S.K.: 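After the structure tokens below, expect a handful of questions from me.
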Amino acid sequence: MDHFPGTWGRPRNDVYGAYDPSYLQSTGPKTHTTSPAVTGTSVVGVKFNGGVVLATDNLASYGSLARFTDTKRLRVFGNQAVVGFGGDVSDMQYMDRLLESMDIRENYSSHGNMLNAKNLHTYLSKVFYKRRSEFNPLWNHVLVAGFDGEGKPFLSSADLLGTTFSAPHLATGFGAHLAVPILRRLFPEEKPIEEISREDAVDALKQCLKVLFYRDARSLDKYSIAVITKDGIDLKEDEQLEGQSWAFAERIKGYGAQAV
Amino acid sequence: MTSLMDHQARETVGYSFSESTAGVKQHGFYPYTDNGGSTLGITGSDFAILAGDTRSTSGYNINSRMVPKVFKIGGDDETGEGATIVLSVVGFAADGNALKERLDTVVKMYKYQHGKPMSVSACAQRLSTILYQKRFFPYYVHAILAGLDEEGKGALYSYDPVGSYEREQCRAAGAAASLIMPFLDNQVNFKNQYIPGSGEGHALAAKKPEPLPLETVKGLVRDAFTSAVERHIEVGDNLQMVIITKDGIEEVYHPLKKD
């Protein structure tokens, strides 16, 4: 019997070498919050006539391990806004708790006017900026969807540095490389969002998620999608990617140069 | 059993966190990024122009084609109505926004407390102080402040990230500053321009700089940006031009190349 609890549950030191104590440092600055652990990949969103659509897949990865396959990364705020989270999942859960408590506080307040998506985005970006300025970042890149103060569709992004920007279609992470070009082709800038139908927007996001599933190694074919309109939020959290075609895979041999 | 006894004898087992031999770990988090873009300001005898492109980038990605960099400061509402001072910020956009909001608040507070709008020169000094207060964790931006001075002349102040500032006739900042600034030196301050036939050989008299009319300056701004767009990948999409005259602030947008 090994009477030393410090060695329990760890690889044997005689076989694997002594444990590197720098992982359990008690002095110096905290460093574990300066890199993400369990992460979600892309979030994609598009504005259409009368609303916004937002989608993410349901995967939370631990490095290259597909750790949790039913993670809901779209969080509803009130009944007029949705936040899609990419990046660290525990930071997402913390921010969700912040939003939850703010929502409850707002609901109990006497003035009655609820925070819209634009207000929510301002709040989130200030939380991000404050935390990055304290060198204790919340490791996320989020998209906020809903309506602004004038009741127009609103879609905006905020990230761990506090950087913000808005566009008719947005995507975080891998989606910025793979989904945005698809969306820019489908909905060119000249085309006003009034000419984009809800169906077209939803179909476009499904197409983006499919391309992301083909090429982003940290993605999943199970996804969540939220359609925000004046009538409320239509959130579906257990969707399955349809119409996948892996026929091309049969023709791939070796690393590309192989002819046989 | 013997093997277990062995290994206890061979090594000292301790709580691994009791002592640490490693030095202080470096932070892996870098709190800045560059969002590209360029800004430019030119003054005349009774006006000032501040302009910037509206592209926001991160690396080779275009975040958005419509993120304005020029802001009205100290206006009465969200639209900036009633403002007399304009600020442009280029560099790290999150710092730029924080800086803009701070200066906006300060200028508003000044008006509420003193019952008169803040002068550009006072605002310029205050902006320098705000920047210097963060000397050891700077706002990573190049700011340009513009307005009209007490005599009604165009006033332009340019800053470095830690608050050094100077009043100038014209200034380009940001990603394409090195492309635009020499053009401005030549076209606004007439550098390297000489009057033909004014002397023997190369001993010609230099052309004296004089305040340019508004329409000429508008043309220079547009030319500067169309040229910068050709040669800098972080500049493009739209040109935002804010013109400050005694009649108020006019804001116009022109399309730029989107490639």
Side-chain angles (χ1 to χ4, degrees), chain A residues 1-7 10 12-15 17-35 122 125-126 128-137 139 141 149 156-171 176-177 180-181 184 188-189, chain B residues 1 3-35 37 54-68 78 91-99 101 134 137-140 237-238 255 258:
Chain A
M1 174 64 195
D2 180 355
H3 295 281
F4 295 91
T7 62
R10 291 207 287 104
R12 280 168 51 181
N13 289 18
D14 56 334
V15 180
Y19 185 75
D20 178 1
S22 67
Y23 288 110
L24 281 172
Q25 225 178 82
S26 52
T27 55
K30 251 184 235 170
T31 54
H32 64 99
T33 58
T34 58
S35 64
T122 308
S125 60
K126 293 207 168 189
F128 278 127
Y129 186 73
K130 180 177 183 288
R131 290 288 293 262
R132 86 98 214 188
S133 299
E134 291 166 351
F135 279 87
N136 184 199
W139 212 281
H141 191 162
S156 203
S157 147
D159 72 3
L160 67 163
L161 294 172
T163 315
T164 57
F165 45 85
S166 181
H169 25 65
L170 287 171
H177 296 99
V180 168
R184 282 183 183 159
E189 209 183 359
Chain B
M1 187 69 209
S3 68
L4 277 177
M5 300 272 280
D6 275 357
H7 109 258
Q8 275 179 18
R10 263 192 279 117
E11 59 169 64
T12 48
V13 181
Y15 293 101
S16 46
F17 46 82
S18 59
E19 68 226 359
S20 97
T21 45
V24 175
K25 247 190 182 167
Q26 279 293 106
H27 268 106
F29 176 66
Y30 187 66
Y32 295 111
T33 190
D34 183 3
N35 298 104
T54 63
R55 178 175 287 184
S56 163
T57 63
S58 56
Y60 289 132
N61 284 120
I62 296 172
N63 292 329
S64 172
R65 300 191 189 280
M66 202 54 202
V67 182
E78 221 178 309
F92 176 34
D95 273 350
N97 273 317
L99 182 65
E101 302 237 317
K134 271 170 71 68
F137 185 24
Y139 287 117
Y140 221 128
D237 295 330
N238 292 286
K258 293 177 171 50

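Everything quoted here is computed from the prediction, not taken from an experiment. Side chains are part of it too, since the values below use all heavy atoms of this structure and drop only hydrogens, waters and symmetry mates.
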S.K.: Just so I understand: if I count every heavy-atom pair under 4.5 Å between each of B/Ser58, B/Ser64, B/Pro31 and chain A, which residue has the most?
M.R.: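 Of the options given, most contacts go to B/Pro31.
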S.K.: How about B/Lys134: does its NZ atom have over 12 heavy atoms from other parts shown lying under 6.0 Å from it?
M.R.: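 Enclosed: over 12 neighbouring heavy atoms sit under 6.0 Å from NZ of B/Lys134.
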S.K.: Quick check on B/Asn35 against chain A: is it the side chain, the backbone, both or neither that has a heavy atom closer than 4.5 Å?
M.R.: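 B/Asn35 touches chain A through side-chain heavy atoms alone.
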S.K.: Is B/Thr33 in contact with chain A via its backbone, its side chain, both, or neither, using a 4.5 Å heavy-atom distance?
M.R.: both
S.K.: Tell me, for B/Tyr60 versus chain A, whether the close heavy atoms (under 4.5 Å) come from the side chain, the backbone, both or neither.
M.R.: neither
S.K.: Going by heavy atoms in the side chains, are B/Ile62 and A/Arg184 under 4.5 Å from each other?
M.R.: yes
S.K.: Rounded to the nearest 0.5 Å, how far apart are CZ of B/Arg65 and CZ of A/Phe165?
M.R.: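 Taking CZ in B/Arg65 and CZ in A/Phe165, the distance rounds to 13.0 Å.
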S.K.: Given a strict heavy-atom distance threshold of 4.5 Å, which part of B/Asn61 is in contact with chain A: side chain, backbone, both, or neither?
M.R.: side chain
S.K.: Aromatic rings A/Phe135 and B/Phe29: how do their planes relate, parallel, tilted or perpendicular, breaks at 30° and 60°?
M.R.: perpendicular
S.K.: Flag the one option from A/Val180, A/Val15, A/Leu161, A/Thr163 with the top tally of heavy-atom pairs under 4.5 Å to chain B.
M.R.: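 If we count pairs closer than 4.5 Å to chain B, A/Leu161 comes out on top.
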S.K.: Mind running side-chain hydrogen bond (donor to acceptor under 3.5 Å, both in side chains) on B/Asn97 and A/Tyr129 for me, showing each step along the way?
M.R.: CA-CA 10 Å; B/Asn97 273 317; A/Tyr129 186 73; over 6 Å; no
S.K.: How long is the straight-line distance from CG of A/Leu170 back to CG of B/Asn63, given to the nearest 0.5 Å?
M.R.: 8.5 Å
S.K.: Could you check whether atom NZ of B/Lys258 has more than 12 heavy atoms from other residues, nucleotides or ligands sitting under 6.0 Å from it?
M.R.: yes
S.K.: Does NZ or CZ of A/Arg132 fall inside the cone over B/Tyr30's six-membered ring, less than 6.0 Å from its centre and within 45° of the axis?
M.R.: no
S.K.: Looking at A/Ala176, A/Ser157, A/Ala171, A/Ser133, which has the largest count of heavy-atom pairs under 4.5 Å with chain B?
M.R.: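 Highest number of pairs under 4.5 Å: A/Ser133.
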S.K.: Counting only heavy atoms not in B/Glu78, do more than 12 sit closer than 6.0 Å to its CD atom?
M.R.: no
S.K.: Below 4.5 Å from any heavy atom of chain B, which atoms of A/Ser125 appear? Answer side chain, backbone, both or neither.
M.R.: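 Neither part.
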